[in-house]
Amino acid sequence: MFNKRTKIKALLSHGVVDQEVVVMGWVRTFRNNQFIALNDGSTSQNIQVVVPLGSVDEALLKRITTGASLRIEGKLVASLGKGQSVEVLANLIEILGDSDAEKFPLQPKKHSLEFLREIAHLRFRTQTFGAVFRIRHALAFAVHQFFNERGFVYLHTPIITASDAEGAGEMFRVTTLPMDGSAPRNEDGSIDYKEDFFGKSTNLTVSGQLEGELGAMAFSEIYTFGPTFRAENSNTTRHLAEFWMIEPEMAFCDLEDNMNLAEAFVKHLIGYAMEHCADDLAWLDTRLAEEEKQKPQQERQEMGLVEKLKFVLDNDFERITYTDAINILLQSPAYKKKKFQYEVAWGIDLQSEHERYLVEKHFKKPVIVTNYPAKIKAFYMRMDDGCEPGKETVAAMDILAPGIGEIVGGSQREERLERLEARMEEFGIPVEEMSWYLDTRRFGTVPHAGFGLGFERMVQFVTGMGNIRDVIPFARTPKNCEF
RNA sequence: UCCCGAAUAGCUCAGCUGGUUAGAGCAUCUGACUGUUAAUCAGAGGGUCGCUGGUUCAAGUCCAGCUUCGGGAGCCA
């Protein structure tokens with residue numbers, strides 16, 4: 001019975017007028033005791049179901065409320081009213097599931113994002129979140145398409161890990177030991193993880209990169225795309241405790257190749273969304289424009305959402321070295337007028353305000369900053385040759401996007417064993433425990449590079465959503481693990 | 001974690017320098033209308049003013065602490 005149904009997207013795009021159809025979906029609004037706006041999630045568009053006057057008894061009519069699920073048999077006809085080209089003239093209406101109008105929290109009106117966040121289990125049924133999560137899906141698909149077309153192998157790196165060497169942040173502990181104080185102890189009073197499930201201390205992964213490198217040393221190119229966990233007490237619009245990250249890793253690849261791939265990748269994702277999610281982007285574009293109107297003129301974005309995406313697609317990303325970036329900042333009017341809260345000097349880590357200045361004020365487009373000081377970057381990044389003593393840099397690159405900040409972080413990896421070991425020692429990383437990683441450098445090491453792209457930040461960028469909690473179905477953040 | 005701000009009806013918000021019975025729009029319910037586009041019109045119901053304590057003759061309003069939420073910063077993707 002159900003497989004006879006036509007999805008609303010199909011009906012609206014290529015439905016044949018005067019044909020008998022079956023549609024199913026949820027009621028968005030019911031106007032005039034006669035017009036049902038029905039949505040099944042296949043598109044942001046609703047289909048209008050017309051209930052012929054007097055054809056349905058009062059009791060059933062009263063059950064057609066916002067949120068109720070319906071099965072409609074009827075005929076697709078050209079619409080008499082404005083606002084839609086076709087509609088379904090119903091001859092049978094079946095209520096699949098009632099929705100108590102007094103209790104269902106979604107109303108046919110504009111709700112705040114904050115309120116919808118509290119009812120995240122229902123917010124998919126709104127226009128905005130429908131659009132956001134259809135786009136999220138499209139982007140996920142485009143990730144696989146991009147790498148598949150280029151011969152990358154999708155490698156499933158582990159989620160539970162024993163290495164805490166990446167140093168990408170605080171980790172969530174994974175254990176089956178009792179938490180009531182009765183866990184087995186060593187002689188010095190510390191917990192004896194030899195008795196734990198894995199026989200050692202384990203955590204949730206903060207990055208699949210190190211394992212990814214192992215794959216790249218066999219398949220040439222791999223990528224990972226999976227959940228990542230950081231136990232940082234971050235309370236911002238761009239951090240989650242559980243998020244999804246894409247990490248390609250390429251053998252026979254240097255920093256420039258890495259940048260070229262990252263830029264092509266970001267553009268592919270944007271282009272895919274623009275091609276396949278035009279409806280949803282148009283809705284979000286309008287929503288954002290209305291939001292912008294509420295803001296004072298100075299704080300408004302110069303470009304609309306679609307305009308911004310097109311602009312990013314059509315222009316090369318600016319590529320500058322960290323040293324150039326510092327010089328630009330030092331010569332900026334903002335610096336001279338002492339507008340920066342944090343100091344600017346070679347060797348500092350770029351602060352949010354500095355990145356924003358470069359991206360939003362100076363270049364007004366995505367910027368790739370390269371060759372950061374070695375001291376502020378991770379141990380595995382390749383030391384640049386021929387540096388002035390005291391000004392050693394590494395082959396790192398960050399892509400900074402307007403409004404989001406760092407969307408990609410990557411580097412060419414240190415492939416020279418002695419150099420890598422020296423760096424690990426410097427960073428206090430136990431070389432013996434990482435022997436498996438160092439084997440890549442012992443046996444057929446090659447120049448290689450890779451990067452990590454925060455998937456939610458990419459979804460934020462494409463959808464224009466300001467808060468990262470609104471682009472993941474169920475956000476996990478400090479003090480919040482609902483649903 | 002730090003800084004700033006907020007918390008009043010189901011939702012969005014108003015409530016002035018403390019003053020007697022806390023309002024509006026939307027939603028809901030009842031009725032009317034019927035080619036509507038967040039339908040419209042008339043009426044009704046709906047409140048522990050986040051929590052705890054304090055100041056005062058009197059607190060939604062002032063003060064302190066707590067909780068939650070939002071914005072910014074740090075950590076990063």
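Numbered from 1 within each chain, the chains take letters A, B, ... in sequence-line order.
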* Asked: What is the distance, rounded to the nearest whole Å, between atom CD of A:E290 and atom P of B:A38?
  -> 11 Å
* Separation of the P atoms in B:G54 and B:G15, to the nearest angstrom -> 29 Å
* By side chain to side chain donor-acceptor pair (under 3.5 Å) - contacts of A:N480 (at least two apart) -> A:T477
* **Nearest-Å distance once atom C1' is located in both B:C33 and B:G25** => 22 Å
* Asked: Between A:R356 and A:E353, is there a salt bridge with N-O shorter than 4.0 Å?
  -> no
* To do: Specify the separation, in whole Å, of atom CD of A:E355 and atom C1' of B:C75.
  => 12 Å
* For atom NE2 of A:H111 and atom C1' of B:G10, their distance in whole Å -> 9 Å
* Within the structure shown, what part of the strands sits under 4.0 Å from A:I246 by heavy-atom distance: base, sugar-phosphate, or nothing? -> nothing
* Hey, is the main chain of A:K9 close enough, under 3.5 Å, to the side chain of A:Q45 for a donor-acceptor pair? -> no
* **Check: A:D384/A:T393 side-chain N/O donor and acceptor closer than 3.5 Å** => yes
* To do: Please work out if A:G81 contacts a base, only the sugar-phosphate, or nothing of the nucleic acid, heavy-atom cut-off 4.0 Å.
  => base
* To do: Calculate the interatomic distance between A:D398 atom CG and B:A77 atom P; express it in whole Å.
  => 8 Å
* Structure fact -> Ranking A:T65 and A:L89 by the position along RNA chain B of their nearest nucleotide, the one closer to 5' is A:T65
* Kindly write out the residues that satisfy side chain to side chain donor-acceptor pair (under 3.5 Å) with A:E221, not counting sequence neighbours, or none if the list is empty. => none
* When you check the phosphate oxygens OP1 and OP2 of B:A39, does a side-chain N or O of A:T29 lie under 4.0 Å from one of them? -> yes
* Using the test side-chain contact (heavy atoms from CB on, under 4.5 Å), find all partners of A:H156 that sit at least two apart in sequence or belong to another chain. => A:Y154
* Electrostatic pair A:K377:A:D398 at N-O distance under 4.0 angstrom -> yes
* How far, in whole Å, is B:C2 from B:U21 if one measures between their C1' atoms? -> 45 Å
* Do A:I468 and A:F243 touch side chain to side chain, with heavy atoms closer than 4.5 Å? -> no
* **Strand-adjacent residues in residues 39-64 of chain A, judged by heavy atoms under 4.0 Å from RNA chain B** => A:Q48, A:L53
* To do: Look only at the side chain of A:E414 and the backbone of A:Y380, and say whether a donor-acceptor pair between them is shorter than 3.5 Å.
  => no
* For B:A27 versus B:A64, give the span between their P atoms, rounded off to a whole number of Å. => 40 Å
* A:E87 side-chain proximity, nearest of B:C75, B:A77, B:U36 -> B:U36
* **Under the side-chain contact (heavy atoms from CB on, under 4.5 Å) test, residues paired with A:K75 that sit two or more places apart** => A:D18, A:E20, A:V77
* Asked: Rounded to the Å, how far apart are A:R125 CZ and B:C11 P?
  -> 18 Å
* Structure fact -> A:F115 atom CZ is separated from B:C26 atom P, nearest whole Å, by 18 Å
* For A:K7, side-chain contact (heavy atoms from CB on, under 4.5 Å) partners two or more places apart -> A:R5, A:D40, A:S42
* To do: Check every strand shown and say whether A:F35 touches a base, only sugar-phosphate, or nothing at a heavy-atom separation below 4.0 Å.
  => base
Short heteroatom pairs, N/O only, protein and nucleotides 44-50 of chain B, under 3.5 Å:
none

* Starting from P on B:C76, measure out to CE on A:M171 and report it in whole angstrom. => 15 Å
* What does nucleotides 67-74 of chain B look like as a protein-contact string, B for base, S for sugar-phosphate only, - for none, at under 4.0 angstrom between heavy atoms? -> ---SSBBB
* **Atom-to-atom span, CD1 of A:I399 to P of B:C76 - whole angstrom** => 18 Å
* Asked: Would you say a side-chain N or O of A:R31 is under 4.0 Å from OP1 or OP2 of B:A39?
  -> yes
* Scan residues 98-108 of chain A against RNA chain B and write down, sorted by residue number, each residue with any heavy atom closer than 4.0 Å; if none is found, say none. => A:A101, A:E102, A:Q107, A:P108
* Asked: Of all residues at least two apart in sequence or in a different chain, which pass the side-chain contact (heavy atoms from CB on, under 4.5 Å) check with A:S352?
  -> A:R238
* Rounded P spacing from B:U17 to B:G53 in Å -> 28 Å
* Determine yes or no for a side-chain-to-main-chain donor-acceptor pair under 3.5 angstrom, with A:E232 supplying the side chain and A:E170 the backbone. => yes
* Should the pair A:R382-A:D254 be classified as a salt bridge under the 4.0 Å nitrogen-to-oxygen rule? -> no
* Asked: Should A:W244 and A:R136 count as side-chain neighbours, where that means a heavy-atom distance under 4.5 Å?
  -> yes
* Asked: Can you give the dot-bracket line for RNA chain B, where a pair is Watson-Crick or G-U wobble with both atom distances under 3.5 Å, crossing pairs use [ ], and | marks a partner on another strand?
  -> (((((((..((((.....[...)))).(((((.......))))).....(((((..]....))))))))))))....
* Find which nucleotide of RNA chain B each of A:Q84 and A:K109 is nearest to by heavy atoms, and output the residue with the more 5' nucleotide. => A:K109
* Asked: What ring-ring contact (aromatic ring centres under 6.0 Å, His included) pairs are there with at least one residue in residues 463-483 of chain A, not counting sequence neighbours?
  -> A:H121-A:F483, A:F124-A:F474, A:F474-A:F483
* To do: Assess A:K308 against A:F461: is NZ or CZ under 6.0 Å from the centre of the six-membered ring, and within 45 degrees of the ring's axis?
  => yes
* In whole angstrom, give me the gap between the P atoms of B:U61 and B:U55. => 15 Å
* On a whole-Å scale, what distance lies between the C1' atoms belonging to B:G70 and B:G50? -> 15 Å
* To do: Could you work out the separation of B:C41 and B:A59 based on their P atoms and round it to a whole Å?
  => 40 Å
* To do: Cation-pi check, A:R125 to A:F129: give yes when NZ or CZ is under 6.0 Å from the six-membered ring centre and within 45° of the ring axis, no otherwise.
  => no
